**Student:** 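Here's a structure for you.
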There are 2 protein chains.
Amino acid sequence: MSNKTKASITDMLRASNLSITDTRVKILELFIDSNGALEHSSFEKLAGHSFDRVTVYRTLQTFLDKGIIHSIPTTDTSIRYALCKSDCSEHDHHDHHIHFKCEECGNTICLDDTTVPEIQLPKGYAAHNIDVVVSGVCKECK
Amino acid sequence: MSNKTKASITDMLRASNLSITDTRVKILELFIDSNGALEHSSFEKLAGHSFDRVTVYRTLQTFLDKGIIHSIPTTDTSIRYALCKSDCSEHDHHDHHIHFKCEECGNTICLDDTTVPEIQLPKGYAAHNIDVVVSGVCKECK
DNA sequence: TCATTTATGCAACAAAGTTGCATAAATGTA
DNA sequence: TACATTTATGCAACTTTGTTGCATAAATGA
Ligand SMILES: [Mn+2]
Ligand SMILES: [Mn+2]
Ligand SMILES: [Zn+2]
Ligand SMILES: [Zn+2]
């Protein structure tokens, strides 16, 4: 990882009023270096048990709260997380893109150039957030 | 529950080549009586520990395989399940409707009269399934 | 009623997630 | 740089969730 990126990581944390700690920097590095969404257990594997499981839970929750990452729903009991690229902030996410889960490689990715379509809901329903998760075969695996 | 429904439950199981057992009938009853999607822990609560946890896991998996229920993705480590209403069959689900999760009452429901919109994916991606989960406030809670 | 097939229950695990609390590290100020 | 204060971390102990193997019970067709 370049120094430039390391600098931007500390900037990122400071912008969210978070203190710069080894765990937070390392987890953000893992997100930046990854080409897909990460689940909780990935961090322990990727970082080689260099930090406690509890700390990972708490760090991910903090990042969610601050709008640094967003979560991607699944049906396999392992929530995925990915960096927010747009201007998300505390309690105000703007990640209105489609997520894709490849059935071949298992990778889950943000399709950053897409937008979720307008959803017509029945009378009486108010939408705050729309998650679109497409599964299929990704361009690497086809 | 009416006898008519009980009869249709056994029909349902027979149509999927499943033997009629107390657990399967009871779990289907719970689905029919419920006005929203159910998660694993609901069955133990609703049925009052009348069957083993392992049996619930295995029964839900069987129903998924047979196209009797479908799963709804979440970001809260508890997958929801709901009855398939359309003509789903083994390994061939057709539940192309939108799911709604109410942030007030916590209920997750199938919006059966909706259809998931066309999704435009980047070049090289092939879609097999599309999940749309909308969160917000339902018509009961508004 | 009986033989065969299949589902269930139990035990024993493994994995995932939570909470309280003492300690360590980060930060702002002197 | 040193210190006081705030905050994050690590650990233990625990709860919840999910898995597997195996003996027994129940369902089914003959
Ligand atoms: Mn995303
Ligand atoms: Mn549904
Ligand atoms: Zn792939
Ligand atoms: Zn509601």
Side-chain angles (χ1 to χ4, degrees), chain A residues 6-7 9-30 37-66 68-69 71-81 90 106 108, chain B residues 6-7 9-30 37-66 68-69 71-81 90 106 108:
Chain A
K6 274 201 173 140
I9 284 176
T10 55
D11 286 350
M12 233 164 149
L13 290 170
R14 258 192 279 267
S16 295
N17 274 304
L18 293 175
S19 53
I20 319 292
T21 68
D22 289 351
T23 311
R24 288 174 179 165
V25 170
K26 183 68 187 172
I27 286 183
L28 285 178
E29 281 179 11
L30 291 172
L38 297 172
E39 59 191 290
H40 176 89
S41 63
S42 311
F43 298 100
E44 294 169 78
K45 283 167 201 147
L46 291 170
H49 301 276
S50 60
F51 30 64
D52 194 75
R53 272 164 16 87
V54 179
T55 305
V56 177
Y57 282 115
R58 290 196 272 226
T59 303
L60 292 175
Q61 188 56 55
T62 301
F63 287 177
L64 276 177
D65 291 345
K66 293 292 187 174
I68 294 174
I69 61 175
S71 55
I72 302 158
T74 67
T75 52
D76 65 358
T77 66
S78 69
I79 306 161
R80 307 290 167 111
Y81 303 91
E90 203 154 354
T108 299
Chain B
K6 271 200 176 142
I9 284 175
T10 55
D11 287 350
M12 230 164 150
L13 289 169
R14 258 192 280 270
S16 297
N17 275 303
L18 293 174
S19 53
I20 320 291
T21 68
D22 289 350
T23 311
R24 287 173 180 167
V25 171
K26 183 68 185 170
I27 286 183
L28 285 178
E29 281 178 12
L30 291 174
L38 296 171
E39 60 192 289
H40 176 90
S41 63
S42 311
F43 298 99
E44 293 168 81
K45 284 167 201 148
L46 291 170
H49 302 277
S50 59
F51 29 65
D52 194 75
R53 272 164 14 86
V54 179
T55 305
V56 176
Y57 281 114
R58 291 195 273 226
T59 303
L60 292 175
Q61 187 56 56
T62 300
F63 287 176
L64 276 178
D65 291 345
K66 292 292 188 174
I68 294 174
I69 60 174
S71 55
I72 303 158
T74 68
T75 50
D76 64 1
T77 67
S78 70
I79 305 160
R80 307 290 166 111
Y81 302 92
E90 202 155 353
T108 298

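Hydrogens, waters and symmetry mates play no part in the numbers below; they use all other heavy atoms, side chains included. Proteins get letters first, then strands, A, B, ... in listed order; numbering begins at 1 in each. As the structure is a prediction and not an experimental result, all values here were calculated from the model.
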**Student:** Report the distance from atom OG1 of B/T59 to atom CD1 of B/I27, rounding to the nearest 0.5 Å.
**Tutor:** 4.5 Å
**Student:** Rounded off to whole Å, could you give me the CD-to-P distance for the B/E44 and D/dT15 pair?
**Tutor:** 16 Å
**Student:** Kindly write out the residues that satisfy salt bridge (Lys or Arg N to Asp or Glu O under 4.0 Å) with A/K26, not counting sequence neighbours, or none if the list is empty.
**Tutor:** none
**Student:** For B/V25, enumerate each residue passing the side chain to side chain contact (heavy atoms under 4.5 Å, CB included) test, keeping only those at least two apart in sequence or located in another chain.
**Tutor:** B/I9, B/L13, B/I20, B/E29
**Student:** Between P on C/dA7 and CG on B/L13, what's the gap in Å once rounded to a whole number?
**Tutor:** 11 Å
**Student:** Once each nucleotide of nucleotides 17-30 of chain C is scored for protein heavy atoms under 4.0 Å, what B/S/- sequence comes out, 5' to 3'?
**Tutor:** BBBB-----SS---
**Student:** Return no unless some side-chain N or O of A/T55 is found under 4.0 Å from OP1 or OP2 of D/dA8.
**Tutor:** no
**Student:** Grab the CZ-P distance between A/F43 and D/dG10 for me, whole Å please.
**Tutor:** 15 Å
**Student:** Output the rounded distance in Å from CD (A/E39) to P (C/dA16).
**Tutor:** 8 Å
**Student:** Would you mind reading off the distance between A/D52 atom CG and C/dA16 atom P, rounded to a whole angstrom?
**Tutor:** 15 Å
**Student:** How many angstroms lie between atom CZ of A/R58 and atom CZ of A/R53, to the nearest 0.5 angstrom?
**Tutor:** 11.5 Å
**Student:** Is there side-chain contact between B/F51 and B/D22, with heavy atoms separated by less than 4.5 Å?
**Tutor:** no
**Student:** Using a heavy-atom cut-off of 4.0 Å across all strands, would you classify A/T23 as base, sugar-phosphate, or nothing?
**Tutor:** sugar-phosphate
**Student:** For B/F43, enumerate each residue passing the ring-ring contact (aromatic ring centres under 6.0 Å, His included) test, keeping only those at least two apart in sequence or located in another chain.
**Tutor:** B/F31
**Student:** Which residues pass the side chain to side chain donor-acceptor pair (under 3.5 Å) test with B/D76, sequence neighbours left out?
**Tutor:** B/T74, B/S78, B/K101
**Student:** What bend angle does the helix from C/dT1-D/dA30 to C/dA30-D/dT1 show across its length, from five-pair end axes and to the nearest 10 degrees?
**Tutor:** 40°
**Student:** With a 4.5 Å cut-off on side-chain heavy atoms, are A/L46 and A/L38 touching?
**Tutor:** yes
